[in-house]
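Read through the structure below, which is laid out as structure tokens, and then see the notes.
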Protein chains: 2
Amino acid sequence: MTNSREYFKSAISVDNVVFGFDNGDLKVLLIKRGEEPFLGDWALPGDLVLLEEELEDAANRILYDLTAISNVYLEQVKTFGGVSRHPKGRVITVAYFSLVNKNKLNPKASMFAKEIEWVSVKSIDYLAFDHFEIMNACLAQLKQNLKLKPIGFELLPEQFTLTELQLLYETVIGESLDKRNFRKKISKMGIIKDSNKYQTGVAHRPARLFCFDEDMYRKAVEEGFTFEI
Amino acid sequence: MTNSREYFKSAISVDNVVFGFDNGDLKVLLIKRGEEPFLGDWALPGDLVLLEEELEDAANRILYDLTAISNVYLEQVKTFGGVSRHPKGRVITVAYFSLVNKNKLNPKASMFAKEIEWVSVKSIDYLAFDHFEIMNACLAQLKQNLKLKPIGFELLPEQFTLTELQLLYETVIGESLDKRNFRKKISKMGIIKDSNKYQTGVAHRPARLFCFDEDMYRKAVEEGFTFEI
DNA sequence: ACAAAAGTGTTTTATTTACACCCATGA
DNA sequence: TCATGGGTGTAAATAAAACACTTTTGT
């Protein structure tokens, strides 16, 4: 068998597709590259994984560096290993996506990026490296999992209206839903609780504010419940 | 920023969970390790990825080496990067699973393995390295995707009976299905075609043989059909 | 009083489930 | 002729879809 030392010549990176939701618009956090290659192009935030660092830790580190937040929803999506995807050598990258409440953070220039911006997913048609392909893979997985796991809440403020929740689903999945049927479905699940608060300062009847009830969700799952939109 | 040359010290491997179906039993192809570490333990077939080799090519190579077959269904599942998952250094492994028609091949000792065996999934409770965890991740994804994509056929001979197909679903998903309802659902999809042949040599009324109709499946998908069991 | 979004049930339609007997073959 | 699995339809229950008006607030 070939001497395995021959092979310890690759690098591992992590790229993190950070999704945020903003009033009917799904956005991702992009950085403008400050060095070659792809100088000046928009790219996904990512970095090489340290030799003694777990993959997930790297993904969290990247996000923390840009936003100073931690404990966000993080999901591994796919690994991209194209031989010539990086000009400096063999770099395999593990793609993750994160879901954050966009309103509660303001990304800042950092070690990784002088310029950083929330960009509407639908306006993106190119990114540095193979990052456009990576973003699309993450978007596809988000669409799929949004229907099968209660992760939509991660993109909303802690308290949200049912209309906001519905708009989130409509935006990401890309089809419009019936208001009454949507509410019926959600409330039948019994996994959101009424906060007994209301919107303020809106020029119409104020909506009730709800929050995701994680305890209830866990109990329901134990009893055989499976989330599905 | 740290000099990136510091990081080109990792190795990438691919592990391939090869599933086969055998008369009500889901099996995986395991090899017995012929060297340290984990000498003598059962493990997944896998190998380091060559510096100029695509990940998928590596997965196919491993399978071809063991079975001399190619063009099988292959799906990337997850990447495992635990810092100390391999005693010889940082080895990130990308897990794939393959679906093969177990009856049409006989695995043979090879470059990778002196001993190789089909082992019933339900009898496995330990494997070398983190391979047990890897196998379980692949099994979970197989279960999920079997319901959402027409990949079950990959595990069967080209021609199969509806009872065989049903047994496959029952075995992998782990719940029993109603015969008439199952047949109704499958035939309404219009993606399998009657071969006009029958079983022979069985001590009961011989069953019709069907095959998966990939053209029909593609046409149906274009018209908005989505497979679901 | 008007504009704007919130909130709320019923009917219709489609889908899913439950269920039992006759058929063709080999032994 | 018996044992074995193959093959088939209908009715009931459940879930999904369609649909319109009243309420509450700010301006």
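Chain naming here is simple, since letters A, B, ... match the order of the sequence lines and numbering starts at 1 in each.
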Separation of D:dA18 atom C1' from A:Arg183 atom CZ, nearest Å, is 17 Å
| Would you say the base of C:dT8 and the side-chain of A:Lys184 have a donor-acceptor pair closer than 3.5 Å? | no
Rounded to whole Å, the CD-C1' distance (B:Gln166 to D:dT8) equals 14 Å
Between A:Ala207 and B:Lys179, whichever has its closest DNA chain C nucleotide further toward 5' is A:Ala207
Using the six-membered ring of B:Phe80, assess whether NZ or CZ of B:Lys78 lies under 6.0 Å from its centre and within 45 degrees of the ring axis.
yes
A:Arg208 CZ to C:dG7 P, in whole Å, measures 7 Å
By nearest-heavy-atom nucleotide on DNA chain C, the more 5' of B:Lys188 and A:Pro206 is A:Pro206
Checklist entry - Should B:Glu75 and B:Asn145 be marked as a side-chain hydrogen bond (donor to acceptor under 3.5 Å, both in side chains) after you check the CA-CA gap, both sets of side-chain angles, and the distance that decides it? => result CA-CA 10 Å; B:Glu75 186 173 322; B:Asn145 285 350; 2.3 Å; yes
Considering only heavy atoms and no angle criterion, is a donor-acceptor pair shorter than 3.5 Å present between the side chain of A:Arg180 and the base of C:dA6? no
Lys/Arg N to Asp/Glu carboxylate O, B:Glu133 vs B:Arg85, below 4.0 Å: no
message = Students often get this wrong, so: under 4.0 angstrom with heavy atoms, is A:Thr163 touching a base, only sugar-phosphate, or nothing?
response = sugar-phosphate
Here the distance between atom C1' of D:dG6 and atom CG of B:Asp194, to the nearest Å, is 13 Å
Do the two ring centres, one from B:Phe38 and one from B:Phe129, sit under 6.0 Å apart?
yes
Checklist line | N/O donor-acceptor pair, side chain A:Asn181 with base D:dA18, under 3.5 angstrom | finding: yes
To the nearest angstrom, the CD1-C1' distance between A:Ile186 and C:dT8 comes to 16 Å
Rounded to whole Å, the CG-C1' distance (A:Leu209 to C:dA6) equals 12 Å
Rounded to whole Å, CG of B:Asn23 lies from C1' of D:dG5 at a distance of 13 Å
- [ ] Check the surroundings of atom CD in A:Glu170: do more than 12 heavy atoms from other residues, nucleotides or ligands lie under 6.0 Å from it?
- [x] yes
Result for 5'-nearest mapping on DNA chain D, choosing between A:Lys185 and A:Val202, is A:Lys185
To the nearest angstrom, the CD1-C1' distance between A:Ile229 and D:dA17 comes to 15 Å
